[in-house]
Amino acid sequence: MIRANWKFFETACKNDYIRKHSKSASTYQALESISKMNGLMEKPTKYVLCNTLSSCAKNLNWHLGIQIHAYMIRSGYEDNLFLSSALVDFYAKCFAIVDARKIFRAMRIHDQVSWTSLIAGFSANKQGRDAFLLFKEMLGTQIRPNCFTLTSVINACVGQNGDFEHCPTLHVHVIKRGFDTSNFVISSLVDCYANRGQIDDAVLLFNETSEKDTVIYNTMISGYCQNQYSEDALKLFVEMQEKNMNPTDHTLCSILSVCSSLAVLLEGKQVHSLVIKMGSERNVFVASALIDMYSKSGDIDEALCVLDQTSKKNTVLWTSMIMGYAQCGRGLEALELFDYLLTEQELIPDRVCFTAVLTACNHAGFIDKGEEYFNQMRTNYGLSPDIDQYACLIDLYARNGNLRKARDLMEEMPYDPNCIIWSSFLSACNIYGDVELGREAANQLIKMEPCNAASYLTLAHIYTRKGLWNEASEVRSLMQQRIKRKPAGWSWIEVDKQFHVFAVDDVTHQQSNEISAELEKIYFGILEVSPHVVEDINIEA
DNA sequence: GTAGGGTTAG
């Protein structure tokens, strides 16, 4: 029997695995709690029920919430608009979106709040399409959307697939209804554009906003950060300080993430000082960003220190540390930590945690262990692997020379292999010189990204190593036909058979370094084997 | 009298 305590329910609702157990807990504490809130064992009024439901929604207190629902039915409050809206919100926030929809559909009348609650619910449950359809349905009624509704539906577009392009349409609604002065709405639009890689639109909107608050700054910084405009993110951070706007924990997270991607330990340490000054080291988001920053900068000991000092550790924090070990090549320590957490700390791993564990196996070359952990996901934790964990296992097989096994798994898995999977598979084919599988992988990649030179060049490399000069030449001429000009923003010159990559003006120093590294990686392989290929890869405009 | 909103982590 699991003891009923509210902390447990908060966690329980976040995780399906525990959630099924939470149903077996006793219910008396729930009723006791309602009574206490209402004072001295009296019957709860509809106001108390409403407030309590709202609090259950905020704190993910599933058990108490369903007790209140039961009480509502018994007491004839089912038709109360306020209570029903709060109930929709409660179920939606507790990830029971099917129940939320059921309550909403059973309501005889709806208002802005009930519509918005379900739209926001779909959005929070990553069902952007449903949120957008419901918004369209709402437009067909007498109830007009308000700024809450628009924020929720715009938010639903974030993280959706490429074909789900409603951000400009919603932007028009925002302007038409005069919500373009609301920072709430504008920040969700900035986030939406940035998330879709339309950074110019995000910047335009940000610059047009006259009274910028901290959140809108944070959103823009985070947008720059997501799109690898690290220097612009830093500039905006400085601008914020010049305007005497206090950074928040969100700002710190984004800036630490910038320091991670630039691997600038010195600047990262300065931000760490600011974290301490602001007293934010207890924030688990900030702590996680710090661990990530230190481990990506190669200072794993400092990452451990941060972890030790964080009193409230959760799965994300532990995962950061496991990933930190894995990425700096200390796979064994990563796995030891994971095993310790399972046995001693009762860690309940999620999918991302398994990604970190499988990455560790990958870096350490532990095939058997990798397979074991992969199978444990389903058998021990009821988690069906998603494409990221499949990608890890496929990469683990391929890197270690089991190309056939990797290819079979790509066939068996319930997802279509993405660019990441094909390109890691192609580079394994290159290492092990497998012409047949390499050709297939390159062709798939060329179909997906016809203008990415890397796939053509890697395939040409595989052919050249096997002495298949004609095939290699065919691939190179195909590349020259398809890629007619140099990718925007960078160029290169050849001096003494060495490539010197330089950036044109509008490319930041950081991007230019990344491009150099990438090109050096590609061309070094080619130069090594067959110097005459060098002439062919001068793709002129 | 009661309900709903924006940016953050692996």
Side-chain angles (χ1 to χ4, degrees), chain A residues 44-58 77 80-90 92-93 111-121 123-124 145-155 158 179 182-192 194-195 202 206 212-226 247-257 260 280 283-293 295-296 303 307 310 313-327 349-357 359 388:
Chain A
T45 63
K46 57 185 176 182
Y47 304 114
V48 168
L49 292 175
C50 215
N51 285 327
T52 318
L53 258 183
S54 165
S55 146
C56 290
K58 284 191 185 94
Y77 283 135
N80 182 296
L81 177 62
F82 285 79
L83 277 173
S84 298
S85 297
L87 208 51
V88 171
D89 181 49
F90 161 73
K93 286 218 170 74
D111 66 353
Q112 285 182 324
V113 178
S114 49
W115 281 103
T116 304
S117 295
L118 192 57
I119 291 171
S123 169
N146 60 16
C147 60
F148 296 94
T149 326
L150 280 159
T151 310
S152 302
V153 71
I154 293 165
N155 208 15
V158 178
F179 293 125
S182 156
N183 271 6
F184 282 73
V185 178
I186 295 301
S187 64
S188 59
L189 270 175
V190 169
D191 185 40
C192 189
N195 185 268
F206 175 79
K212 301 183 185 77
D213 63 8
T214 314
V215 174
I216 209 160
Y217 263 97
N218 286 350
T219 312
M220 195 63 243
I221 290 175
S222 155
Y224 274 139
C225 190
Q226 283 168 39
T248 65
D249 291 350
H250 292 91
T251 329
L252 295 175
C253 288
S254 298
I255 292 302
L256 282 168
S257 166
S260 300
S280 299
N283 179 309
V284 74
F285 288 82
V286 175
S288 179
L290 276 170
I291 291 175
D292 193 44
M293 185 274 293
S295 50
K296 282 215 178 87
L307 181 77
T310 315
K313 299 178 181 70
N314 65 7
T315 309
V316 174
L317 212 60
W318 288 121
T319 305
S320 301
M321 199 59 238
I322 295 170
M323 192 61 110
Y325 273 131
Q327 284 173 337
D350 60 11
R351 290 184 179 86
V352 188
C353 192
F354 274 104
T355 304
V357 170
T359 305
D388 292 336

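Just so it is clear, the model here is predicted, and its values are computed rather than measured. A, B, ... follow the sequence lines: proteins, then strands. Residue 1 opens every chain.
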Asks: Just to be sure I understand the rule, does A:Thr319 reach a base, reach only the sugar-phosphate, or reach nothing, if contact means heavy atoms closer than 4.0 Å?
Replies: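 Base contact.
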Asks: Using a cut-off of 4.0 Å on non-hydrogen atoms, how would the nucleic acid contact of A:Lys93 be classed: base, sugar-phosphate, or nothing?
Replies: sugar-phosphate
Asks: Got a sec, which residues hit side-chain contact (heavy atoms from CB on, under 4.5 Å) with A:Lys212, two or more places apart in sequence or on another chain?
Replies: A:Phe206, A:Thr209, A:Ile216, A:Tyr217
Asks: So what does A:Asn146 touch, heavy atoms closer than 4.0 Å: a base, only the sugar-phosphate, or nothing?
Replies: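 Touches a base.
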Asks: Using a heavy-atom cut-off of under 4.0 Å over every strand shown, decide if A:Thr248 touches base, sugar-phosphate, or nothing.
Replies: nothing
Asks: According to side-chain hydrogen bond (donor to acceptor under 3.5 Å, both in side chains), who are the partners of A:Ser187, at least two apart in sequence or on a separate chain?
Replies: none
Asks: Checking all strands, does A:Val284 fall into the base, sugar-phosphate, or nothing category for heavy-atom contacts under 4.0 angstrom?
Replies: base
Asks: Would you check if A:Asn314 and A:Leu317 make a side-chain contact, meaning some heavy-atom pair closer than 4.5 Å?
Replies: yes
Asks: Mind checking salt bridge (Lys or Arg N to Asp or Glu O under 4.0 Å) for A:Lys296 and listing every partner two or more places apart, or none if nothing turns up?
Replies: A:Asp292
Asks: Over all strands shown, is A:Ser188 touching base, sugar-phosphate only, or nothing at heavy-atom distances under 4.0 angstrom?
Replies: nothing
Asks: Please list, chain by chain and in numerical order, all residues satisfying ring-ring contact (aromatic ring centres under 6.0 Å, His included) with A:Phe179, sequence neighbours excluded.
Replies: none
Asks: With heavy atoms of chain A within less than 4.0 Å as the criterion, where does contact along DNA chain B begin and end?
Replies: B:dG1 to B:dG10
Asks: Using a 4.0 Å heavy-atom cut-off across all strands, classify A:Asn314 as base, sugar-phosphate, or nothing.
Replies: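 Base, at least one base atom sits under 4.0 Å.
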Asks: Answer with base, sugar-phosphate or nothing: what part of the nucleic acid does A:Ser187 contact at a heavy-atom distance below 4.0 Å?
Replies: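 Here A:Ser187 touches the bases of the nucleic acid.
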Asks: Which residues pass the side-chain hydrogen bond (donor to acceptor under 3.5 Å, both in side chains) test with A:Asp111, not counting sequence neighbours?
Replies: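 Applying side-chain hydrogen bond (donor to acceptor under 3.5 Å, both in side chains) to A:Asp111 gives A:Ser114.
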